[in-house]
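Chain letters run A, B, ... following the sequence lines, proteins first, then strands; residues in each count from 1. Just so you know, these numbers come straight off a predicted model, no measurement behind them.
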There are 2 protein chains.
Amino acid sequence: MPAMPTPPGRKPRKAAPSRRPLTQDGIVAAAVRVLDAEGLDGVTMRRVAQELDTGPASLYAHVSGKDELNELMLDRVAAEVRLPEPDPERWQEQVKEVAREVRRVWQAHADIARVSLAMVPTGANLLRIAEFQLAVMSAGGVPPAAAALAVDSLGMYVDAESVERAMYGTKLGEGASPEEQLHTFISGIRDYYKALPQDRFPHIVAMVDELTAGGGDERFEFGLDILVRGIASHARP
Amino acid sequence: MPAMPTPPGRKPRKAAPSRRPLTQDGIVAAAVRVLDAEGLDGVTMRRVAQELDTGPASLYAHVSGKDELNELMLDRVAAEVRLPEPDPERWQEQVKEVAREVRRVWQAHADIARVSLAMVPTGANLLRIAEFQLAVMSAGGVPPAAAALAVDSLGMYVDAESVERAMYGTKLGEGASPEEQLHTFISGIRDYYKALPQDRFPHIVAMVDELTAGGGDERFEFGLDILVRGIASHARP
DNA sequence: TCGTGATAACGAACGTTGTTCTAAGCTAGG
DNA sequence: CCTAGCTTAGAACAACGTTCGTTATCACGA
């Protein structure tokens, strides 16, 4: 198709290029909107681009790829985590408070914990949280080596628990309410465990109620309690 | 090319239909072979089918889809976990032994821990491990509710640690040895943390060595110690 | 005021992925 | 020996992340 003059009376190409220019921040904000509405698997380059009325190729000028977009989303969401005023006297309770707060924020944004589990924290908002925990533990008498590894273990625990919890909502249909979903899922598991052969799995069958008990908060709280007790056993008095 | 009569003296279609029929077990075994050689992301329907000299569609007669194949792979691999003879006197040490053993097996099979993290255990070999841990903790005096939640927390910790560990190997190039990969990765993180602004992240910068210390085994052992100490604090004496 | 060059935007396309469709082949039962 | 039902498998579908090459835009020096 050789060069052709544009037909008379035809606009240059597209009607209104009133498109405000793309920015990395705008892209990440759009991605988080999609995340909240459709889950992490719903955050595709195409879907984010669509949210911005453009094509997927346009995003690559501001973001190196999907991985970087994931990390930027996580760090943006991590900004919502509120940290208390450090109080060395209450360091154990404060460590728990921060863990609960991170879990709350992760669960407010669908699957995002999956991203946190699969990366080393480098963003400013994530490091801000780690810094707080290191500070409060150090002030509380936990030796540096123990505090460092404790931050790691705590983060892993919060992430893994949030991932499992989020899974219940996505594996089931999106129809019912979150509590309904959780209950349906748990009942299925309970029935399966109850039907197990008692001679091979006596404890599982006997403890089926304990294994499937707790709305999720109880379970989390218990694991948190275990971790903090273990950490405290390494602190000097 | 319309229907043509087969030339005389020619075998029906393919030279030797010595193709032994597909079985679920054979498919899972092939999938695990691919997993070990190329990682979890390398386990695609096409790749597994290729390993069996067939097409991807043929697998769906024996396996409902990718998710089920993942779970079957995990359970097959879980059969390699060896459990000690239960000894209530040493329950804390035995819980740790099993956790170490599971981690060893997970890490012997690339990314497989990712699957474990994303599902509720239902396979016979996975339940066998949970049954053992419940039994030994119960015999050791841990109350049922605590034991049930402890199994959950322990499993999550082992899975999450294995996933993180496996990630170091896959994010970097596949060229160097595992230790080399780990070292390269850790040094990158250390340099980044060292370059952080000291006024905003004083503890991170000060503890950079502790945060990046431990070949991985130390870190895991420490987290395990924390968890078991916490669990033990719930046991009756 | 007019080019002009760097950069952003984007339509189209490539190579993969999981999965389904549909037709052909094989095997067991009458 | 023939037919019913299951297995096999080639082809195709929709969706994914990413890249290519071209077009449009805008700040700035002549």
Identify each donor-acceptor pair in which a side-chain atom of residues 119-129 of chain A lies under 3.5 Å from a protein atom, sequence neighbours left out, and give them as a table.
unit_1	atom_1	unit_2	atom_2	d
N125(A)	ND2	D75(A)	O	2.9
N125(A)	ND2	D75(A)	OD2	3.4
R128(A)	NH2	V81(A)	O	2.4

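- For H62(B), taking side-chain heavy atoms from C-beta onward, the closest of the listed nucleotides dT8(D), dA12(D), dG17(D) is dT8(D).
- Protein atom OH of Y60(B) is 21 Å distant from nucleotide atom P of dA23(C), rounded to whole Å.
- To the nearest angstrom, C1' of dT20(C) lies 13 Å from CE of M45(B).
- One finds no side-chain N or O of T54(B) lying less than 4.0 angstrom from the OP1 or OP2 phosphate oxygen of dT8(D).
- The CG atom of D41(B) sits 17 Å away from the P atom of dC16(D) (whole-angstrom rounding).
- One can place NZ of K66(A) at 16 Å from P of dT17(C), the figure rounded to the nearest angstrom.
- For E68(B), there are no salt bridge (Lys or Arg N to Asp or Glu O under 4.0 Å) partners at least two apart in sequence or on another chain.
- Whole-Å rounding puts the N70(A) CG to dC16(D) P distance at 14 Å.
- Annotation: cation-pi pair R103(A)/F220(A) present, NZ/CZ under 6.0 Å from the ring centroid and within 45° of its normal.
- Position along DNA chain C of the nearest nucleotide to R46(A) versus G42(B) favours R46(A) as the more 5'-ward residue.
- Separating the CG atom of L59(A) from the P atom of dC10(C) is a distance of 10 Å, rounded to the nearest angstrom.
- Between the CD atom of E68(B) and the P atom of dT19(C) there is a distance of 11 Å, given to the nearest Å.
- At whole-Å resolution of the value, CG in L69(A) and C1' in dT18(D) are 14 Å apart.
- OP1 and OP2 of dA8(C) both lie 4.0 Å or more from every side-chain N or O belonging to S58(A).
- Between the side chains of Q133(A) and H203(B), no donor-acceptor pair is found at a separation under 3.5 Å.
- In this structure, R219(A) CZ and L211(A) CG are separated by 7.0 Å, a value rounded to the nearest 0.5 Å.
- Mapped onto DNA chain D by nearest heavy atom, A57(A) and P56(B) fall at different nucleotides, with P56(B) at the one closer to the 5' end.
- Nearest nucleotide to the A61(A) side chain, out of dT8(D), dT19(D), dA8(C): dA8(C).
- Checking dA9(C), dC14(C), dT19(C) against every side-chain atom of L22(A), the shortest atom distance belongs to dA9(C).
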